[in-house]
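A short write-up of the structure that comes next.
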Number of protein chains: 2
Amino acid sequence: MAPRADKPTTTMADVARRAGTSTAVVSYVMNDGPRAVAAATRERVLAAAAELGYRPNRIARALRSRTTGVVGLILADSPNPYFGDLARHVERTLDERDRLVLIGNAGYSAERQRRLVDRFLAAQVDALVIVSADGGEDVTPQAEAAGVPIVYVHHGPDGGRAPLVEADNRHAAQEAVTHLRGHGHARVAFLSGPHDGGPVGRRRAAWQALAGDDPDALLLRCAYTRADADALIRRLVADDAVPRALVTATDEQAIGILSGAWACGLAVPDELALISLDGTPESAHTAPALTVTRQPLRAMAEHAVELVFDPAFQPPAAHAPLVVRRSCGC
Amino acid sequence: MAPRADKPTTTMADVARRAGTSTAVVSYVMNDGPRAVAAATRERVLAAAAELGYRPNRIARALRSRTTGVVGLILADSPNPYFGDLARHVERTLDERDRLVLIGNAGYSAERQRRLVDRFLAAQVDALVIVSADGGEDVTPQAEAAGVPIVYVHHGPDGGRAPLVEADNRHAAQEAVTHLRGHGHARVAFLSGPHDGGPVGRRRAAWQALAGDDPDALLLRCAYTRADADALIRRLVADDAVPRALVTATDEQAIGILSGAWACGLAVPDELALISLDGTPESAHTAPALTVTRQPLRAMAEHAVELVFDPAFQPPAAHAPLVVRRSCGC
DNA sequence: CTGAAAGCGCTTACAG
DNA sequence: CTGAAAGCGCTTACAG
C-alpha cells in the first residue's frame, strides 16, 4: 500500500491542551459519557475540537474499549443477487445502528469461509453475520473461541448452535405448487440445486410431498446459475422433455430458464408455466415477469441484526408471500 | 451490541513467556521481520503460539503501525448489479492482496457519501475506493486532510484531483451505433439517464455525434432502474412512438425495456433492435439475450486497486468490446 | 465536576 | 541475534 502521507493527526491530548482540560474530560464529551461534564467545560472542548478539526481515532478507541463497532458479513456467493440483496439489507440495518461492515465472499468454499472468519476475528469484529448456503461448514466454534456472537441467515449448518434466520420455505413451496395446480397442471416439476441441503432442501421436500406418484420423474437439478438453467432448458427442449409447469428453487434458475426458453422458441407461460421461490427484485422485470413467492429479505436481515444485538430475540416467522405476475399463466 | 463474552485473549506477552523470549522476537516471527530470528527461537515461538492458539490482534497492530490493512469501498448504488459486479471485483482483488474491505452504499446521495467517508476515515482505512455516479461530490479534500489515498472508479467528480479509472465509453457507444447501422437502421435512438454526467454523458455525446439530423427527437431519458425503463417503453408503445433501433446507456434500462416490451407484445429484436452499453453478466441471460458493449469491470477493478498501492501507476485504456447476442437482430 | 495515570496489545527504535 | 522499554490514541478506574 502506498504509505499514507504523514499528516500530523490531531489527538485528544491536543484538544485537551487547547481547552485547558484533561483527555478524560474530552473523552466524556466526545462520547456523551460515562461521566457528566460542566456545560462551560463542554463548550470549550467542543470549540477546541472544532477549531482543530479533531476526529476521534476509532482504532485507539477499539483497542482500549474492546469494541470496534464493526460487524463482519460473509456471503456464500456475492454474484448471486439473492445474496446480494440480503447483504444490502443487512448493511443498511447495521448502518442505521452506526455499525461499519466488513464484507467477504466465501464463493461456496468452506475453506475460504473459514479464512474470512479468521481474518475478521483478528480484526476484532463485534459480531459475525453469515449468509450461508450448501457447503459452508459450521464456524461457530471459531467464533465462540473468540467470544464473538454469530448469526446465520438463509442457511445454517446442520446441528449448528448459532441462531438461524430463515423464511418459511415449506409454506412458500406449497403455495407455488398449489397455485400451478389451480391453473390445471396436475404434474408440477421442480428445479432444485445440485445437492439441496437447508432451505432449498425444505422447498424441495414440500414440493415432493405434493408431487404425487412419481416425483423422481419430475425432479430436475442444476447449479444456482442462469447459465446452467439456460443450458438445462435447451437440453429439455431438444429431448422433448419439457414439463408443462415448473417451480424453480431460485430466481437465478428461473431467469436462466426464461432466457433458454426464449432462445428455443418455447413460450412462457403458454407452453411452460413457471413460478420461482426467491422473488428478488430482479424477478419483477423479466420477460415475462416472474410469478414468485417473495422471500422477506428485509425482515430476515433486520431479524439477523436484532439477534446480533440481543441474543435472546425470538425472530417471528417470516412468511414468503405469493406474488402473482405473468410467468404462471395468470 | 451484545457484550462479547470476556474470553481471556492470549497475547504476545503470553507467547513470549511460554517461548522464553521477548515480545519483540514474537513480533518478528509473526511478521517475518523486520529483523531476523534464529531458527531455533523461531521454532519455539511458533510452537508456543500454536499451543496457546495465539491470534495477533490487528487493532493493536493498527494503532501502533498506523496501517490497518483495511480499504473502504463506497458504492453509488449497491442494488444496481453494475456497481455490484464492480464491487465484487474490487473486493476479490483486495482480498488477494490480503486487505479487508469495509463497504458502504451512498445511494446516490452526496450527504450519505460524505458521512461514509468520515466514518471510514475515523476507522483509519488505508485507502478509499469510490465507485461513483452522477450526484456524488468530490471527497478528495476530506481524504487528503487525513492523508488517505483515494481512487474513483467508473465516474469521478468534475475537475477532481483524484485518479479516475474508466472504460473507453466513447468508443463503446460508437461501436453500438455503428453495429445497428449495419443492420440497416438509419435512425438509432439513445436512452440516457436523468442528467447524464460522466460516463453516461460521454456515451450519449458519442451517440449524438453519429445521430444525424435531429438527435433531440431520438434522445430518451429515464432513471437507471428496470422499473423506470419498463414504464417508459410501455408509454412509447401506447403513444406509437417506439424507435426501430435503440442503444441504452445501461443494462438496468435495457432489461426494463425487454420486460416492458414483452408485456406489450412488442417483439425484440424484430420490432425493436436493442444494444446495451454495460454488458454485466446479467445481460447474457435475458430474453432475448442482450447484445452489449461489455465494460471491462474486472480490469477496471484491478487498475483501481493497483492505483491504491501505486499512485504512479498509469492504467492502460480499458476497451469495452462489442458482444453480439440476439437483441440487435443478428 | 475534574485530573493524573494506568493500560489495551502491539511495533520498533535503542542498547547490548 | 535478542531484551527492556517507549509509545500509538484512546478509556476508565482511582483519587480528589
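Quick note on labels: first sequence line is chain A, next is B, and so on, each numbered from 1.
Going from atom CE of A:Met30 over to atom C1' of D:dT12 covers 17 Å, rounded to whole Å. Atom-to-atom, CZ of B:Arg58 to C1' of C:dC10 comes out at 13 Å; the value is rounded to the nearest Å. Atoms CZ (A:Arg64) and P (D:dG7) sit 19 Å apart, rounded to a whole Å. One interatomic measurement links the two molecules: CZ of A:Arg61 to P of D:dC10, which rounds to 10 Å at whole-angstrom precision. Between A:Tyr54 atom OH and D:dG9 atom P the separation is 10 Å, expressed in whole Å. Whole-Å rounding puts the B:Arg35 CZ to D:dC1 P distance at 11 Å. Note: CG (A:Leu52) to C1' (D:dG9) measures 15 Å, nearest angstrom. Rounded to an integer number of Å, the gap from CG of A:Asn57 to C1' of D:dG9 is 6 Å.
Picking from D:dT11, D:dC8, C:dC8 the nucleotide with the shortest atom distance to the side chain of A:Ser27 gives D:dT11. Relative to the side chain of B:Val25, the nucleotides D:dT2, C:dC10, C:dC1 differ in distance, and D:dT2 lies closest. Side-chain proximity of A:Ala24 to D:dC10, C:dG9, D:dT12: nearest is D:dT12.
C:dC14 and C:dC10 have their P atoms separated by 23 Å, with the value rounded to a whole Å. As rounded to the nearest Å, C:dG16 and C:dT12 have C1' atoms that lie 16 Å from one another.
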| message | Could you go through A:Leu121 and B:Arg55, starting from their C-alpha distance and side-chain angles, then the distance that decides it, and tell me whether this counts as side-chain contact (heavy atoms from CB on, under 4.5 Å)? | response | CA-CA 9 Å; A:Leu121 290 175; B:Arg55 326 249 22 149; over 6 Å; no

| request: Show the numbers, then the answer: is there a side-chain contact (heavy atoms from CB on, under 4.5 Å) between A:Val139 and A:Tyr152? | output: CA-CA 10 Å; A:Val139 293; A:Tyr152 283 98; 3.4 Å; yes

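Taking OH of A:Tyr82 as the start and CG of A:Leu75 as the end, the distance is 11.5 Å to the nearest 0.5 Å.
Within the shown strands, nothing qualifies as a pairing partner of C:dA13 under the Watson-Crick or G-U definition with both distances less than 3.5 Å.
Nearest-nucleotide assignment on DNA chain D puts the 5′-proximal partner with B:Thr21, out of B:Thr21 and A:Pro34.
B:Glu96 CD: more than 12 foreign heavy atoms inside a 6.0 Å radius.
B:Ala38 comes within 4.0 angstrom of sugar-phosphate atoms only, judged by non-hydrogen atoms across all strands, and of no base. A:Thr41 comes within 4.0 angstrom of the backbone, heavy atoms only, and of no base. Residue B:Thr11 is in sugar-phosphate contact alone, with no base atom involved, counting any heavy-atom pair closer than 4.0 Å across all strands shown.
Phosphate contact (OP1/OP2 of C:dC8, side-chain N/O of A:Ser65, threshold under 4.0 Å): absent. The phosphate of C:dG3 has neither OP1 nor OP2 within less than 4.0 Å of any side-chain N or O from A:Thr23.
With B:Glu137 as the partner, the side-chain hydrogen bond (donor to acceptor under 3.5 Å, both in side chains) test is satisfied by one option alone out of B:Arg114, B:Gln142, B:Gln113: B:Arg114.
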